[in-house]
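Keep in mind that what you see is a predicted model, and the values were worked out from it rather than measured. Side chains included, hydrogens not; waters and symmetry mates left out as well; all remaining heavy atoms used.
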Amino acid sequence: PHALPVGLLRLTGQVDRDAVRLRVFSTWERERRWVNARIPADDRILFTGEERRLWFAPRVISAFTVAEPLPWRLTLESATPAELRKRFRQRGITWWLHNFVSMDYRALMRFPGPPWSDRQLALYTAFVRSYLEPEHRPDRLDYVNGGFWVFRVHARPGGPWPAYFLPHTEGCFATARGWQGAGRVDEALAESDRQAARMPGVLESELLAVKFYAVQENQPVVARRLAPVNASGFIGDANFKHAAGAALHAGRYLEGVRLLARAIRLTGDNDLYRSVAYAYYRSGQELLKRGRIREAVRDLEQAAVCAPDQPGVQYEYARALKAAGRPGDALHWAHRAWAARPGDAALRALFPELGGR
């Protein structure tokens, strides 16, 4: 349905084919353009979490959801990171495109894939640190087409580079997800921690484990474990949103706003503005209590912009404006709050102080 308007515009000649592709395929189309502009057509690129290869200039290796993952097979057959690199090179793979949004969903909801041994995971991690250089990070992600990283697969060891992902190992957390869905919370948390411990330093695995704690609203654990993940430059599915929730819970409101802003820039999720409004609202309340009037007005104004239909925000903003010596502006916002919440006792008490009703 979201493609219908632009499709009609295309039929009437008002937009070109590239505009249609960008509207329909969003992040996938942006990534396709980046790849085609920078990677030679005679190079070969491995796709994980993604099999759509149409219109890509380089040669693509990809597989459907239910299949034996190539990294799993090659780690099974290799003894060292150098040997693993040789096996990738024998297949001509010099680039790696990873759709982390799609991969998480497929591995946890559909097909977790074959079991990984501890030896395979350690070998895979060492290979990624030595040979996979992050080349292109996502500036957008969505839940229609996904979110993408591109890595260069080097011929010789370098780095060490961060182990952002071990594609196809996400299914290691499928058992924990099943237990969580069945209400076996303690077992799910223990299993998620066990799997993350098998992949030390792998940031996607740490994020997957943290999400189990986020569901349980164990915000101190979320904050502690996501801090190094976010500091590393990692971008995954909802790491900034979960860290923002933990910051708000701890009363670090402006830190929460900064994290929410990153999440909004990445996803375009306008629903997050309500959380931004809450952060500014709580910050403004605290500042007003401390007598820091100008800062309180600043933050409550932002809250009112982000949540223009919330009478609680409007009331607090009116109080801050009154304290700042702006009774006319305060009366305006008090009237807006009254329209949404007529008869409110706190508003009724505020009107005489503002010289009006």
Side-chain angles (χ1 to χ4, degrees), residues 26-28 30-31 49 98-109 134 137-149 162 164-165 170 173 176-177 180-181 185 188-189 192-193 195-196 202-284 299 302-303 305-307 309-310 313:
S26 60
T27 54
W28 179 88
R30 291 159 69 95
E31 209 63 28
H98 181 55
N99 185 340
F100 56 91
V101 174
S102 175
M103 179 62 86
D104 283 2
Y105 176 80
R106 294 176 181 192
L108 295 174
M109 300 293 290
R137 68 185 61 240
D139 56 5
R140 294 283 292 186
L141 67 88
D142 62 37
Y143 297 100
V144 176
N145 287 289
F148 298 86
W149 279 84
Y164 286 147
F165 301 91
E170 296 82 358
F173 293 86
R177 187 186 182 283
Q180 188 175 62
V185 174
L189 294 176
S192 69
D193 286 341
Q195 293 300 334
V202 178
L203 300 173
E204 168 72 348
S205 299
E206 185 69 2
L207 173 60
L208 288 172
V210 167
K211 286 182 178 181
F212 289 89
Y213 287 90
V215 170
Q216 302 305 317
E217 299 186 357
N218 189 333
Q219 303 296 2
V221 171
V222 173
R224 173 175 55 82
R225 293 177 64 170
L226 277 186
V229 172
N230 290 340
S232 72
F234 174 81
I235 296 173
D237 179 16
N239 52 307
F240 299 122
K241 183 176 78 170
H242 289 308
L248 297 185
H249 181 267
R252 300 192 303 273
Y253 300 117
L254 297 187
E255 177 187 338
V257 167
R258 289 191 292 271
L259 289 162
L260 286 166
R262 293 197 68 179
I264 291 168
R265 284 195 297 270
L266 269 173
T267 65
D269 183 358
N270 290 332
D271 288 342
L272 292 177
Y273 280 110
R274 290 196 173 274
S275 297
V276 174
Y278 172 78
Y280 277 123
Y281 168 71
R282 294 290 292 124
S283 176
D299 286 0
Q302 293 297 321
V305 169
C306 293
D309 58 345
Q310 294 298 308
V313 171

Item to check | Atom pair CG/CG of L254 and L248 - distance to nearest 0.5 Å | outcome: 10.0 Å
Checklist entry - Is there a side-chain contact between E170 and R106 (heavy atoms, below 4.5 Å)? => result no
Checklist entry - Are any side-chain N or O atoms of T27 and backbone N or O atoms of L141, one a donor and one an acceptor, separated by less than 3.5 Å? => result no
Checklist entry - How many angstroms lie between NE2 in H98 and CD in E31, if you round to the nearest 0.5 Å? => result 12.0 Å
Checklist entry - Which atom pair, heavy atoms only, marks the closest approach of A176 to A188? => result O-CB, 3.3 Å
Checklist outcome for this item: Rounding to 0.5 Å, atoms CG (D142) and CG (D269) come to a distance of 11.0 Å
Checklist entry - Are any non-hydrogen side-chain atoms of V276 and I264 less than 4.5 angstrom apart? => result yes
Next on the checklist: Quick test of your reading of the model: are D193 and R225 salt-bridged, counting only N-O distances below 4.0 Å?
Outcome noted: yes
Checklist outcome for this item: CG (L207) and CZ (F212) are apart, to the nearest 0.5 Å, by 10.5 Å
Next on the checklist: Walk me through whether Q216 and Q180 qualify under side-chain contact (heavy atoms from CB on, under 4.5 Å).
Outcome noted: CA-CA 10 Å; Q216 302 305 317; Q180 188 175 62; 3.6 Å; yes
Item to check | Closest non-hydrogen atom pair, G236 against N239 | outcome: N-OD1, 3.0 Å
Next on the checklist: Before you tell me yes or no, could you show the steps for R177 and D104 under salt bridge (charged side-chain N to carboxylate O under 4.0 Å, His left out), namely the whole-Å CA-CA distance, both residues' side-chain angles and the distance that decides it to 0.1 Å?
Outcome noted: CA-CA 12 Å; R177 187 186 182 283; D104 283 2; over 6 Å; no
Item to check | Residues, nucleotides or ligands: over 12 heavy atoms within 6.0 Å of Y143 OH | outcome: yes
Next on the checklist: I235 vs F240, test: side-chain contact (heavy atoms from CB on, under 4.5 Å). Steps then yes/no.
Outcome noted: CA-CA 8 Å; I235 296 173; F240 299 122; 4.2 Å; yes
Checklist entry - Side chains of C306 and Y281: does their closest heavy-atom pair fall under 4.5 Å? => result no
Next on the checklist: Please check: side-chain N/O of R137 versus main-chain N/O of G233, any donor-acceptor pairing under 3.5 Å?
Outcome noted: yes
Item to check | Distance-minimising heavy-atom pair for L272 and A263 | outcome: CD1-CB, 3.8 Å
Checklist entry - Of the options L226, L108, V222, D237, which is the one that meets K211 in a side chain to side chain contact (heavy atoms under 4.5 Å, CB included)? => result D237
Next on the checklist: Before you tell me yes or no, could you show the steps for F165 and F234 under ring-ring contact (aromatic ring centres under 6.0 Å, His included), namely the whole-Å CA-CA distance, both residues' side-chain angles and the distance that decides it to 0.1 Å?
Outcome noted: CA-CA 9 Å; F165 301 91; F234 174 81; 5.2 Å; yes
Checklist entry - Shortest non-hydrogen contact from L260 to A244? => result CG-CB, 3.6 Å
Next on the checklist: Has R140 got a side-chain atom pairing as donor or acceptor with R265's backbone, closer than 3.5 angstrom?
Outcome noted: yes
Checklist entry - Going through the checks in order, is the side-chain contact (heavy atoms from CB on, under 4.5 Å) test met by V215 and V185? => result CA-CA 10 Å; V215 170; V185 174; over 6 Å; no
Item to check | Atom pair NE2 (H242) and CD (Q219), whose distance is rounded to the nearest 0.5 Å | outcome: 9.5 Å
Item to check | From CZ (F173) to OG (S205), nearest 0.5 Å | outcome: 4.5 Å
Checklist outcome for this item: Smallest heavy-atom separation, G49 atom then M103 atom, equals N-CE, 3.2 Å
Next on the checklist: Run the salt bridge (charged side-chain N to carboxylate O under 4.0 Å, His left out) test on R30 and D139 for me, step by step, so that the C-alpha distance in whole Å, both residues' side-chain angles and the decisive distance to 0.1 Å come before the verdict.
Outcome noted: CA-CA 10 Å; R30 291 159 69 95; D139 56 5; 3.1 Å; yes
Checklist outcome for this item: Nearest heavy-atom approach of N230 to A243 is ND2-CB, 3.3 Å
Checklist entry - Under the side-chain contact (heavy atoms from CB on, under 4.5 Å) criterion, do N99 and W28 qualify, and how do the steps go? => result CA-CA 9 Å; N99 185 340; W28 179 88; 6.0 Å; no
Item to check | Flag side-chain contact, heavy atom, 4.5 Å: V210 against R224 | outcome: no
